[in-house]
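Okay, so here's the structure we're looking at.
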Amino acid sequence: MEFAAFADRARAIEETDADLAVVAAVADLFAAADDDLETLARFVQGRAFPAWDDRKLDVGPSLCHEALARAAGPNVTAGDVEDRLADVGEIGAVAASLDLDGQQGLSAFGAGGGDDLTVADVHEAFVAIATATGSGSAGAKEDHLFGLFNRASPAEARFVARLVLGEMRIGVGDGTVRDAIAAAFLADDDRVETGAETEGDDEGAQLTLSELGESADGAGEVEEDVEAVDEDAEAVDEDAAEVFERPSADAVAAVERALQVSNDAGRVATVARDAGRDGLSDVHLEVGRPVGAMLAQAGTITDAVEAWDAVAVETKYDGARVQVHHDPDGDTRLFSRNMEDVTDALPELVEFVADRVDIPVVLDGEALAVDDDGDPLPFQRVLERFRRKHDVARARESVAMELRAFDCLHHDGEDLLDAPFTERQARLEAVLSEGVSESFVTTDADEIGEFEATVLDAGHEGIMLKDPESTYSAGKRGKEWLKRKPDVETLDVVVTGAEWGEGRRANVFGTFEVGVRVPESTNASADASEYATVGKVATGITDAELDALTERLREHVATEDGQTVRFEPAVVFEVGYEEIQASPTYDSGYALRFPRYVAVREDKAPADADSLERVDRLAEN
Ligand code: AMP
């Protein structure tokens, strides 16, 4: 597919409000994708590669701004790009506007753009960008990106820029991709009609997917004029939504299962198209490819006892999440909660599992720092080890790490995601007799309270409460797992801005503005791009930490205005506070009283930060 055609469709999807119309438009894109289906199923969500893939584009805003400025000709600098970004607030719009402004002598994007850039070309360039490593890699990445911008029309540049910065944001979440795959490829036999019957449905009102496609195509040839795209884009599918037939629950469930086990929309879309439901049911969890971690909500003992017939109770370890993929005939690999490969940082966990397990397994658990007596050390010590790339042997001597496995997702050729918790627990205990999280099942709230006191005395963070009947919902934050941390809770917040310091500290940031997620849904992997400010953090940070934070955050600067800097959401702080007050000062409606920096949550991405909903609940308490 021409990249221009994808860009037009993406723009049209972005302009579409109704959920069903978005599903229809994405389904139509998939149906028309041919050889590019795998790539496009990722692109619609702003992914260059599958979530499990180790390849990352690793392009920061400044590199992108440089590449854009170069492509825009000699009269445009990266500073101009940044100024414009400060005005319009979104890199895609900046990229699309650059040659419309007439400030460059050269035609930035070729003669009217459109060249012959294909989706495959963009994918190929992304592979080159991701695989450029070592010294000089920044220059190589910039050259590849410049090459892309240089060939792109304004409409194409909009989406090249957004893709490369992981900011697609056209309103396509996991659920949309799932439904669109089902609608595009599994719909023939058992679709359930919606809309059409409520509309009284005149003859000819039913549109096929390909007819929907024609209307989507009408969203623009290769548009020069952004306004024109906007107008046409709006026309796309609001009508079509009325006659679009929602895929059946069965079809959606088949796609959902395959997505959970493979973590790869590109592959699932291709299998659904080429091999239908039978093909999808053959998609299995692969040892060596991480799946999304099941997540927990905050909750109380009463919540758990009231919601379920019985409660599985465990220690909540204050470590870092690890997913262990062990193949006795191959490797043992460890993945973080964000599916990053952290194997090399934690050799003792690898040895621990490899020495004890002689069947292929996937285990979920926590990597815990312990002292010489095996007692837990604070989370800060975990961070000295987790994701460490250099001096691992030396770090290992000063902090020992241990595994506490708490789930078994795959056992000797059998996927267990759909098995109840108790069954998975039995498998886990059959696999490992040590290094397993302590747990028991009870209906007695007092017994849980006593266990909690023991666990806290032993220096752990709290307890986890799990529904014994529940299956493993990969990548989801549901109500089946509740975390209970009885101490004054900290918040994990996204750093959204900062003020430069003063005097002696003028070269480092002094105050950090922090925000919580305003999630589109409770699904952790959905695009959670909005953050509501809850406070400004300036205390609890040592000078050395300020230096390190400044170094680190510098590369995420999105805009700068005098003393004030805004960041791309990238870094998550854990902050303590005395209380949460209702306050008109910030857009969240709350202000943290006496906020205090605790640590950087290295193991969390912005999408894992605490939500406004949690702040609502904490404030209410
Ligand atoms: P939080 O990081 O505060 O959102 O709490 C959820 C995290 O607790 C999970 O992602 C795990 O990394 C961690 N955790 C510690 N012990 C357990 C356990 N026994 N079961 C599940 N998760 C646990």
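The shown structure was predicted, so the numbers you read here are calculated from the model rather than taken from an experiment. We count ligands from 1, going down the list as the structure has it; atoms in each ligand are counted the same way.
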Residues which pass side-chain contact (heavy atoms from CB on, under 4.5 Å) with Val370, listed by chain and number, not counting sequence neighbours: Leu368, Ala400, Glu402, Arg404

First-shell residues of ligand 1 [heavy atom, distance under 4.0 Å]: Glu314, Thr315, Lys316, Tyr317, Arg321, Arg337, Glu366, Phe406, Ser437, Met464, Lys466, Trp481, Lys483, Lys485, Arg601, Lys604

Test log, rule ring-ring contact (aromatic ring centres under 6.0 Å, His included), inputs Phe440 and Phe451: CA-CA 10 Å; Phe440 63 97; Phe451 178 74; 5.1 Å; yes

Donor-acceptor contact below 3.5 Å, side chain Tyr472 vs main chain Leu416: no

Arg55 charged N/C atom sitting above Phe126 aromatic ring, 6.0 Å / 45°: no

Pair Arg552 + Glu602: basic N to acidic O under 4.0 Å: yes

Note: Asp603-Arg601 ion pair, threshold 4.0 Å (strictly below): yes

